Amino acid sequence: MDKIFLIAVTTCDRAWGPGDNAPPGLCIQIINDPTKRPVAGIRIAYNSALANIRTTDFKLRLDQGQQISPACCKSKGRINGFDGEDVQDKVRFYQLCKAANLPVVPVYAGFAQGEALLPADRERAGRDSLFVKSLRGNLGEGAAIWRRGEGGYANGAEAFPTLDDLLVELAKSDCVVQPLLSDHAALRAAGSEGLSTVRIVTLRMPDGSVAAACALLLMAKGMLSQYGEYFGIDMRDGSLTTWLDQSAEQRRRRGGLPPGFPLAAIPGWQGLIDMVCHAHGAAFGAFATLGWDVVLTDGGALLLEANQGWGIMLHQVLGEPMGRTAIGAAATAWLNCCCPKLLS
């Protein structure tokens, strides 16, 4: 009698054991013992810690456990077109987006080890208040707001009389300088207190096409905070479906929306899906999967960042198990492409 083996899809750079090459992004791991964890990453099957049972419908019948990946490459340096720095380095990400004519949040200046990474756009930077963050950091690392006023630029603790003086100071750390943006009016009306982000996960299929798998909204609760209220999004129409209540002693997933919440759906939803799928294929096709942070402003939607690790657990807490999303279809397609005998 055949055994049942479960598939876990991770987004880690280092999903294999020591000494093995690491696949970029999507990694399919076939586990011959469902009671054991995958080598690394967060398993899809049996990850029920936060939201009842979040199991996958995705199963294979195999005679033995083995591991496969759609694209194996080393985790450092560019191999077969892939280099994680294309998204980790925010200046490089911006330059790749601009080269592909993608709508992206501008970068006015960028620094690494005291050196300018691109010519400073003093004309535009001199007109705006500025948002500064780490060149390669995550979760708001190095974030600061410099407000422009009659006396120059100030952040509440320090002040510099001119833009040049501020840039000299900022060059002492590895950072990027961007405009301080405001949310779309619909998000502000719903209670956003900073710059909220819509994270949309995309996957590259074997034929080169790109599919969107899942999405969530992070409603900002502070100008510099990376935390706030999380909302699940229905991929079909952009409507908000569930929310993560962070006011409770422990975070809890709740069906529906908070009482009186005025935002029913993400404005311009299909346009956002089209934008990130096009961006993935046009400028970042070497990545198997990316989580795109999109900001909505009154002037339109802009790409803010792309992430290799996009929060696979949180998407399942707020939405469906990964096996029921486009990730399940992608895993099937890659398995058929790489080793079709496994599915026979």
Side-chain angles (χ1 to χ4, degrees), residues 8-15 22-29 38 40-44 47 50-51 54 56 69-71 75 82-90 93 96-97 104-105 133 136-141 195-205 210-220 226-228 230-233 235 238 242 244 266 272-273 275-281 283-295 301-331 334:
V9 181
T10 74
T11 55
C12 296
D13 269 352
R14 303 177 182 279
L26 182 65
C27 162
I28 304 167
Q29 199 169 45
I42 298 174
R43 56 184 173 175
I44 289 177
N47 60 357
L50 295 182
R54 299 275 92 190
T56 176
S69 165
S75 59
F82 168 81
D83 186 349
E85 284 293 292
D86 286 351
V87 295
Q88 190 66 35
D89 183 318
K90 296 175 180 60
F93 173 78
L96 289 169
C97 287
V104 61
V105 175
K133 60 186 178 183
R136 294 184 177 85
N138 300 300
L139 298 175
E141 181 182 346
L195 189 63
S196 299
T197 55
V198 178
R199 176 163 292 185
I200 305 175
V201 176
T202 57
L203 302 119
R204 176 172 54 82
M205 305 296 280
V210 177
C214 50
L216 58 80
L217 166 67
L218 171 55
M219 182 77 75
Q226 291 298 303
Y227 301 94
Y230 292 93
F231 295 83
I233 300 175
M235 295 298 293
T242 54
L244 194 61
I266 301 298
L272 302 188
I273 295 294
M275 179 173 69
V276 296
C277 288
H278 172 68
H280 192 153
F284 302 91
F287 288 83
T289 180
L290 286 169
W292 299 86
D293 287 344
V294 180
V295 295
L302 298 170
L303 300 172
L304 178 64
E305 296 179 0
N307 304 273
Q308 295 183 77
W310 38 258
I312 198 168
M313 176 69 84
L314 187 56
H315 281 275
Q316 293 182 101
V317 171
L318 288 164
E320 294 184 295
M322 288 291 105
R324 298 177 190 169
T325 71
I327 287 182
W334 279 113

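Because the structure is predicted, anything quoted here is derived from the model rather than measured. Counting from 1, the numbers follow the sequence of the chain as shown.
The backbone N or O of L318 sits less than 3.5 Å from a side-chain atom of T242, completing a donor-acceptor pair.
The shortest side-chain heavy-atom distance between F284 and C97 falls under the 4.5 Å cut-off. Between F287 and D86 there is a side-chain heavy-atom pair separated by less than 4.5 Å. The shortest side-chain heavy-atom distance between Q308 and V87 falls under the 4.5 Å cut-off. Contact check for I266 versus L217: side-chain heavy atoms found under the 4.5 Å cut-off. V294 has its side chain within reach of L303: a pair of non-hydrogen atoms, C-beta onward, lies under 4.5 Å apart. With a 4.5 Å cut-off on side-chain heavy atoms, V295 and V105 count as touching.
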Does the side chain to side chain contact (heavy atoms under 4.5 Å, CB included) test come out yes or no for T202 and T289, once each step is laid out? CA-CA 6 Å; T202 57; T289 180; 5.8 Å; no
Run the numbers on H280 and W292 for side chain to side chain contact (heavy atoms under 4.5 Å, CB included), then give the verdict. CA-CA 9 Å; H280 192 153; W292 299 86; 3.8 Å; yes
Residues R199, N307; criterion side chain to side chain contact (heavy atoms under 4.5 Å, CB included); working and verdict: CA-CA 9 Å; R199 176 163 292 185; N307 304 273; 3.0 Å; yes
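I233 contributes atom CD1, which lies 8.5 Å from atom CG of L272 (distance to the nearest 0.5 angstrom). Distance check, rounded to the nearest 0.5 Å: OG1 of T197 to CG of L218 gives 4.5 Å. Here the CE-CG distance, from M219 to L244, works out to 13.5 Å after rounding to the nearest 0.5 Å.
Between W310 and H315, the ring-plane angle classifies as perpendicular under the 30° and 60° cut-offs.
Nearest heavy atoms, A213 versus L203: CB-CD1, 3.3 Å. Contact record, R136 with K90: C-NZ, 3.6 Å, taken as the closest heavy-atom pair. When all heavy atoms of A220 and S196 are compared, the closest pair comes out as N-OG, 2.9 Å.
In this structure I273 satisfies the side chain to side chain contact (heavy atoms under 4.5 Å, CB included) test together with I200, A212, M235, W269, Q270, C277, sequence neighbours excluded.
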